[in-house]
2 protein chains.
Amino acid sequence: MKINTSHDLGSLIRDRRTKIFRSQQELASRVGVSRLWIMQLEKGKPTAQIGLILRTLRELGMALDASPLQTPAPHRSGAAAVNLDHIIKSALPAKP
Amino acid sequence: MKINTSHDLGSLIRDRRTKIFRSQQELASRVGVSRLWIMQLEKGKPTAQIGLILRTLRELGMALDASPLQTPAPHRSGAAAVNLDHIIKSALPAKP
DNA sequence: ATATCATGTCTACGATCGCTGACAAGTAAA
DNA sequence: TTTACTTGTCAGCGATCGTAGACATGATAT
């Protein structure tokens with residue numbers, strides 16, 4: 001499943017948690033965090049730390065993958081895809 | 001690419017950053033974070049916040065996916081795989 | 001040699017994390 | 001009803017984040 005926002009992550013974790021554990025407390029104890037943190041994470045907390053998130057996902061039997069952006073909005077200005085950026089960079093003479 | 005630790009994430013981001021941008025500072029400015037934060041992230045900072053990470057990945061033309069754990073080490077104690085947990089939970093008398 | 005970068009490493013400092021502990025609302029059994 | 005459980009919310013607090021700024025090193029030139 002694609003994770004574009006912290007809310008996506010929260011929904012995913014909640015879905016998975018409700019299938020495997022009986023309560024937020026149960027997952028929290030396994031991961032080693034507070035129930036409050038699990039609750040906030042499921043609500044899309046954008047300040048949650050990646051280390052705790054990875055531990056949580058592992059406890060839920062999941063892992064993260066990185067994949068190229070399918071709906072490209074990489075650069076605000078009308079820049080093209082990543083490969084083009086690469087080409088431009090390689091072609092530039094000096095380093096502004 | 002599989003991301004199991006924050007170091008995996010750091011390596012991935014650094015590889016991608018060096019291909020697209022000319023410096024840590026350039027990426028940092030685009031994302032809206034400090035160069036120090038980018039540097040620490042590339043070194044595997046486990047306390048980096050997921051919101052900033054997602055913004056960074058987007059700037060690098062990438063997104064995150066969640067996938068089932070292929071090499072299962074889900075529960076420390078002798079518990080079995082996730083599906084079994086599910087079955088056990090479903091079989092328990094008190095459901096809550 | 002001199003200049004110019006990129007990267008890594010430090011020191012503060014304000015802002016905020018994640019924690020504990022408590023409480024209320026809702027649900028579901030006994 | 002009463003009892004037990006889950007979830008969401010709140011306040012307070014120590015610990016730590018992310019930042020700005022400065023500095024040293026190494027590389028790449030000129």
Side-chain angles (χ1 to χ4, degrees), chain A residues 3 5-60 64 75 82 85-86 88-96, chain B residues 3 5-60 64 85-86 88-96:
Chain A
I3 299 176
T5 71
S6 54
H7 281 85
D8 297 343
L9 180 65
S11 307
L12 172 75
I13 287 181
R14 179 179 255 263
D15 286 353
R16 200 88 174 127
R17 192 260 307 165
T18 55
K19 288 174 184 162
I20 301 180
F21 294 95
R22 287 196 204 85
S23 64
Q24 295 170 345
Q25 181 60 64
E26 198 173 355
L27 172 59
S29 298
R30 276 207 176 275
V31 178
V33 295
S34 67
R35 181 180 69 85
L36 178 60
W37 186 84
I38 294 287
M39 192 216 75
Q40 293 172 332
L41 178 65
E42 291 182 350
K43 291 211 139 200
K45 187 177 220 242
T47 58
Q49 302 183 1
I50 185 63
L52 300 180
I53 290 176
L54 289 173
R55 274 161 52 187
T56 303
L57 287 175
R58 185 181 292 284
E59 213 57 51
L60 292 172
L64 287 183
H75 293 177
V82 174
D85 290 347
H86 187 2
I88 292 176
K89 176 201 172 188
S90 306
L92 278 178
K95 309 209 156 184
Chain B
I3 299 175
T5 71
S6 53
H7 280 85
D8 297 344
L9 180 65
S11 307
L12 172 75
I13 287 181
R14 178 178 255 267
D15 286 353
R16 201 87 174 128
R17 193 259 308 164
T18 55
K19 287 175 183 162
I20 301 181
F21 294 94
R22 287 194 207 83
S23 64
Q24 296 171 345
Q25 180 61 63
E26 198 173 355
L27 172 59
S29 299
R30 276 205 178 276
V31 178
V33 295
S34 68
R35 181 180 68 85
L36 178 59
W37 186 83
I38 294 287
M39 192 217 76
Q40 292 172 333
L41 178 64
E42 291 181 350
K43 291 210 142 202
K45 187 176 221 240
T47 59
Q49 303 182 1
I50 185 64
L52 300 180
I53 291 176
L54 289 174
R55 276 162 52 190
T56 303
L57 287 174
R58 177 175 256 93
E59 213 59 52
L60 292 172
L64 286 183
D85 289 347
H86 187 2
I88 292 174
K89 177 198 172 189
S90 307
L92 280 176
K95 180 259 163 182

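Here is the naming used below: chain letters follow the sequence lines, and residue numbers restart at 1 for every chain. As the structure is a computational prediction, the values presented were derived from the model and not from experiment.
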[X] [atom1] to [N] [atom2]: how many Å, rounded?
| X | N | atom1 | atom2 | answer |
| --- | --- | --- | --- | --- |
| B/I38 | D/dA20 | CD1 | P | 13 Å |
| A/L41 | C/dC17 | CG | P | 13 Å |
| A/L27 | D/dT6 | CG | C1' | 14 Å |
| A/W37 | D/dT16 | CH2 | P | 17 Å |
| B/K45 | C/dC17 | NZ | C1' | 11 Å |
| A/R55 | C/dG18 | CZ | P | 11 Å |

Q.
Could you tell me if the side chain of B/R16 sits less than 4.5 Å from the side chain of B/I13, heavy atoms only?
A.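 B/I13 vs B/R16: side chains apart.
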Q. Tell me, do B/L60 and B/L27 make a side-chain contact under 4.5 Å, heavy atoms counted?
A.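 Yes, at least one pair of side-chain atoms sits under 4.5 Å.
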**Q.** Shortest non-hydrogen contact from B/I50 toward A/S6
**A.**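 Minimum heavy-atom contact is CG2-CB, 4.4 Å.
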Q: Select base, sugar-phosphate, or nothing to describe what B/Q40 touches, counting heavy atoms under 4.0 Å on all strands.
A: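 Counting heavy atoms under 4.0 Å across all strands, no contact is made by B/Q40.
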Q) Who passes salt bridge (Lys or Arg N to Asp or Glu O under 4.0 Å) against B/E42, sequence neighbours left out? A)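 So B/E42 forms a salt bridge (Lys or Arg N to Asp or Glu O under 4.0 Å) with B/R14, B/R17.
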Q: Examine C/dC17: is either OP1 or OP2 under 4.0 Å from a nitrogen or oxygen in the side chain of A/T47? Give yes or no.
A: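 Looking at the OP1 and OP2 atoms of C/dC17, one of them is under 4.0 Å from a side-chain N or O of A/T47.
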Q: Let me have a per-nucleotide readout for nucleotides 7-15 of chain C, 5' to 3', with B, S or -, counting only protein heavy atoms under 4.0 Å.
A: BBBB-----
Q | Qualifying residues under side chain to side chain donor-acceptor pair (under 3.5 Å), relative to A/Q25, sequence neighbours excluded | A |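 Listed in chain order: A/S29.
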Report all side-chain donor-acceptor pairs from residues 34-41 of chain B shorter than 3.5 Å, counting only partners two or more places apart or in another chain.
unit_1	atom_1	unit_2	atom_2	d
B/S34	OG	B/W37	N	3.2
B/R35	NH1	B/Q24	OE1	3.4

**Q.** Under 3.5 Å donor-acceptor, B/D8 side chain and B/T5 backbone
**A.**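 Confirmed, B/D8 side chain pairs with B/T5 backbone.
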**Q.** Partners passing side chain to side chain contact (heavy atoms under 4.5 Å, CB included) against A/S11 (at least two apart in sequence or in another chain)
**A.**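 Listed in chain order: nothing, the list is empty.
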Q | Inter-axis angle, terminal five-pair segments of the helix from C/dA1-D/dT30 to C/dA30-D/dT1 [nearest 10°] | A |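 Helix axis angle between the two ends: 40°.
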Q: Can you measure from CG (B/L9) to OG1 (B/T56) and round to the nearest 0.5 angstrom?
A: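 If we round to the nearest 0.5 Å, B/L9:CG and B/T56:OG1 are 9.0 Å apart.
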